[in-house]
**Student:** 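One structure, pasted below without further comment.
Bear in mind that the values here come from a model prediction, so they are computed numbers and not experimental data. All heavy atoms count here, side chains included; hydrogens, waters and symmetry mates do not.
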Amino acid sequence: MNKGAGLTIGVIAVAVAAGGGYWLGGRGGASHGDAAPVTSAPAEPAKKEKKLLFYRNPMGLPDTSPVPKKDPMGMDYIAVYEGEDDDEPAAANQIKISTEKVQKLGVRSEAAQLRVLDKVVRASGRIEPDERRLYAISPKFEGYVERLHVNVTGQPVGKGQALFEVYSPELVSAQREYAIAAQGVEALKDAGGPARDGMQQLAESSLLRLKNWDISAEQLKALAKSGESKHTLTFRSPVNGIVTEKKAVQGMRFMPGEALYQVADLSSVWVVADVFEQDIGQVKTGAKAKVRINAYPDKVFEGTITYVYPTLKAETRTVPVRVELPNPGQLLKPAMFAQVELPVGAKGEVVTVPTSAVIDSGTRRIVLVQAKEGRFEPREVKLGQRSDNHVEVLEGVKNGEPVVVAANFLIDAESNLKAAVGGFGHASHGSQPKPESAKPAAVGHQAEGTVEGFDAKAGMLTLNHGPVASLKWPGMTMEFQVATPALLSGLKPGATVAFEFVERKPGEWVVTSIKPMAGKVAANPHAGH
C-alpha cells in the first residue's frame, strides 16, 4: 500500500513536471514571439550597412583596387563605399577632391557677404610750399644793391622787415622831380589859373611814377614833407616767412624785374601725393586726409584734399593730388617725404569675398565656389572696388555662397583647374557657346611600340614606337611619363604594346593607356616592382 502510493505520487510528479515544462516552454515561445519586433530592430542597421565597393588611389589618380594596398609613396588606398558622395561623378564644370585630401590641403571656405567697403588709398607724396604764399622781391627799375640787411638763405623774416637797400640814379631823379612838383603846388596854392593846374598835374604824375616803382606810402609822405630825395631806397618783406632764395649780393647791379629775394610763408603747406591711375576715380575733393612724416613717426597730420590735377604722369601712371595742411611750428619742411592716406567714400553694402579667394591669371579672375563637400565649381567673376581685405563681386557670385579662401591655388594644381575653366561652354555642356579664350582639351595620340625599360618610382617609361600619324612623327625611341604608376604593372622589357598618350604641357608627353598586344611577349605581373 505504501509502495503503491509512493509509485503513484512519483508518476504524478513526473507528469506535473512534464506539463509544467511544456507550459513554460509554450510561454517562453510566446514571449519570444512577442519580443521579436524588439530584437529585430537592432538588426535593421545591419541590413543597411554600406557595401564596400573598392579602394581608390589617395592622390586622386584613376587607379582602384579590390583589396587594401599602398601607393608607391606608401600611402594607404582609401575605401569607397556604396552611396558615398566621393563615388558620385562631379557635375559639369565642377572639380572633385576627396574629403581626405581637402583636409590635407587645408582648404577653408567663407561665405560671400554683403558689407560696406571702407577703403583707404595710400600714396607717397612730398611737402611743397603753398604757391599762393610765395613772394618775390623784384625792383622795377635799374640800380645797384647798396646794402644787405638779410644776407643768408633760410633766415626767418617778419612782415615789414628791411631786406636790402638799393641806389638808382633813375630813382633819385624821380624823387627830385616829385619834390620840386610838390613844392611848386604848395607855392601856387593861393594862385589860380593854368600855372597851378599844370604844376598839380606834374606832381601827380611824379607821384604815380614812384608808386608804380613800389615806393611805400610812408616814404612818399616823408619825401613830400622834407622835399629832399634820398640816396637809397629800402625794400622790405611783404609777409612773415622764410627767405627761400637770395640772389642779391652787395654792390651788384640789377635790371628791372630781376628777382633778388623770394620769401615763403610756410604757415600752411601742400602735400602733393602721387595716386595710382586705378584709384584716382575714387578720390574726391573736400575729403580729409592723414599724412605721416618719417621725421615725426609719432605724429599724424590731418589736411584736406583741395585739388585733383587733370594730368597723368605717363612714366609712373599716377595723378598728383593736392592736400592742404596747416603747419604750426613749421615742423613740415619743403621737399620732405610723406605717406598719405586718402579715404574713399563707400557706396553702400555690396557683395564681397576675401581677396585671397580670387585667382587672377591676368586675363580672367576665377573664384572657387564650394558646391558641396569635396565639390568645387570654378566661376569667372567681375570685380569692383577693393578694400584692404575684401573685394566687391559685381558678377559671378551671390550673397551667401561659400567660396574657397585658403588653398585654392593647391586645388588649382591638384585638379588641373585650367582644363576645367577651359571647358566653359564646351559642346558637351549643351548649347552654351565656347569662350574664345578657352583652351581645347588635350588630344590623344595612338601608337604601337616595344618596351625598352621603365622606372616605376619616377613614373617614366621608355618606348621604341613606330610612326605616329596624328603627329607626323617617324619611328623613334623616347621617354614618356605615365599618368599613374598602375600603368606600369605587368609590363616587361621587350613586350610589344599599343598605347595612347597626350601632351600635358609643351614637351611633356604622358601615357594615359597601354595594353600588351595579343600574341606578343607575355607580361610579368611583378616586373618593375
Side-chain angles (χ1 to χ4, degrees), residues 117-136 153-154 241-242 244-247 259 262-297 299-327 330-347 355-356 358-366 380-394 409 437:
L117 289 180
D118 293 327
K119 181 181 178 181
V120 175
V121 174
R122 292 177 173 83
S124 59
R126 59 204 172 277
I127 305 295
E128 294 185 3
D130 188 338
E131 295 176 359
R132 299 165 300 186
R133 297 173 181 267
L134 294 177
Y135 299 88
T153 303
I242 303 294
T244 55
E245 289 186 15
K246 186 192 78 69
K247 296 182 180 179
Q262 179 174 282
V263 179
D265 180 5
L266 299 180
S267 60
S268 177
V269 295
W270 288 353
V271 179
V272 179
D274 296 322
V275 179
F276 285 108
E277 181 180 1
Q278 63 267 23
D279 297 327
I280 196 63
Q282 305 175 59
V283 177
K284 306 298 180 183
T285 58
K288 297 296 182 180
K290 294 183 178 180
V291 179
R292 289 179 170 83
I293 307 295
N294 292 339
Y296 314 107
K299 294 182 179 295
V300 178
F301 302 88
E302 292 190 357
T304 304
I305 301 174
T306 58
Y307 190 62
V308 177
Y309 286 78
T311 55
L312 179 140
K313 298 180 181 178
E315 300 82 3
T316 58
R317 309 304 301 175
T318 57
V319 176
V321 174
R322 181 198 302 164
V323 178
E324 290 190 15
L325 206 61
N327 187 23
Q330 297 186 358
L331 296 177
L332 304 177
K333 319 294 184 185
M336 273 186 168
F337 183 76
Q339 293 289 347
V340 185
E341 295 181 357
L342 308 174
V344 175
K347 59 179 182 180
T355 52
S356 61
V358 181
I359 302 175
D360 193 340
S361 66
T363 57
R364 64 175 70 192
R365 295 163 182 82
I366 303 297
E380 187 171 354
V381 294
K382 182 178 179 181
L383 304 180
Q385 63 182 3
R386 295 172 179 263
S387 67
D388 292 339
N389 300 315
H390 294 84
V391 58
E392 177 188 3
V393 180
L394 301 175
F409 286 96
S437 59

**Student:** About how many Å separate CG of Leu325 and CG of Asp130, when rounded to the nearest 0.5 Å?
**Tutor:**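 It comes to 11.0 Å.
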**Student:** Check Leu394 against Glu392 and note the closest heavy-atom contact, atom names and distance.
**Tutor:**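 Distance-wise, the nearest heavy atoms are CD2-OE2, 3.0 Å.
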**Student:** Asp265 and Arg132: salt bridge (charged side-chain N to carboxylate O under 4.0 Å, His left out), yes or no, with the steps?
**Tutor:** CA-CA 9 Å; Asp265 180 5; Arg132 299 165 300 186; over 6 Å; no
**Student:** Can you find a heavy atom in the side chain of Ile280 that is under 4.5 Å from one in the side chain of Val321?
**Tutor:**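 Yes, their side chains come closer than 4.5 Å.
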**Student:** Show the nearest heavy-atom pair for residues Tyr309 and Tyr307, with the distance to one decimal.
**Tutor:**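 Between these two residues, the closest heavy atoms are CA-CE2, 3.7 Å.
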**Student:** A quick test of your reading: do over 12 heavy atoms of other residues, nucleotides or ligands sit less than 6.0 Å from CZ of Phe276?
**Tutor:**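 Count not over threshold, so no.
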**Student:** Taking all atoms of both residues into account, what is the closest heavy-atom pair of Pro326 and Glu302, and its distance?
**Tutor:**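 That would be CD-O, 3.8 Å.
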**Student:** Determine the minimum heavy-atom distance between Phe337 and Gln339, stating which atoms define it.
**Tutor:**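 It is CE2-NE2, 3.2 Å.
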**Student:** Roughly how far apart are Glu341 CD and Arg122 CZ, rounded to 0.5 Å?
**Tutor:**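 Reported value, rounded in 0.5 Å steps: 5.0 Å.
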**Student:** What distance separates Leu332 CG from Asn327 CG, expressed to the nearest 0.5 Å?
**Tutor:**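 Separation between the atoms: 4.0 Å.
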**Student:** Any side-chain heavy-atom pair from Lys290 and Val120 closer than 4.5 angstrom?
**Tutor:**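 Sidechains of Val120 and Lys290: no contact.
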**Student:** What's the separation between atom NZ in Lys333 and atom CD1 in Ile293, rounded to the nearest 0.5 Å?
**Tutor:**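 Output value for this atom pair is 11.5 Å.
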**Student:** Working to the nearest 0.5 angstrom, can you tell me the gap between Glu245 CD and Thr153 OG1?
**Tutor:**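 Result: 8.0 Å between the selected atoms.
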**Student:** Return yes if some donor-acceptor pair links the side-chain N/O of Tyr296 with the main-chain N/O of Phe301 below 3.5 Å, else return no.
**Tutor:**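 No, the answer is negative, given that no donor and acceptor are paired below the 3.5 Å cut-off.
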**Student:** Are Arg292 and Val300 packed together at the side-chain level, in the sense that at least one heavy-atom pair is separated by less than 4.5 angstrom?
**Tutor:**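 Contact flag for Arg292/Val300 side chains = yes.
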**Student:** Would you say the side chains of Thr304 and Glu324 form a donor-acceptor pair under 3.5 Å?
**Tutor:**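 Note: Thr304 and Glu324 side chains miss the donor-acceptor criterion.
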**Student:** Decide yes or no for Thr318 and Val275: does some side-chain heavy atom of the first lie under 4.5 Å from some side-chain heavy atom of the second?
**Tutor:**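 They are not in side-chain contact.
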**Student:** Ignoring hydrogens, what is the shortest heavy-atom contact between Val391 and Gly384? Give both atom names and the distance.
**Tutor:**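 Shortest heavy-atom contact: CG2-O, 4.3 Å.
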**Student:** Side-chain contact, heavy-atom cut-off 4.5 Å: Val323 with Leu342?
**Tutor:**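 In short, these two side chains touch, coming nearer than 4.5 Å.
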**Student:** Atom NE2 in His390, atom OG1 in Thr355: separation rounded to 0.5 Å?
**Tutor:**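 These two atoms lie 7.5 Å from each other.
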**Student:** Can you tell if the side chain of Lys284 reaches within under 4.5 Å of the side chain of Ile305, non-hydrogen atoms only?
**Tutor:**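 A side-chain contact is absent here, since even the closest heavy-atom pair is not under 4.5 Å.
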**Student:** Determine the minimum heavy-atom distance between Glu128 and Val269, stating which atoms define it.
**Tutor:**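 Scanning both residues completely, I find the closest heavy atoms to be O-CB, 3.6 Å.
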**Student:** Mind checking whether Thr311 and Val319 have side chains closer than 4.5 Å, heavy atoms only?
**Tutor:**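 Answer no - side chains too far apart.
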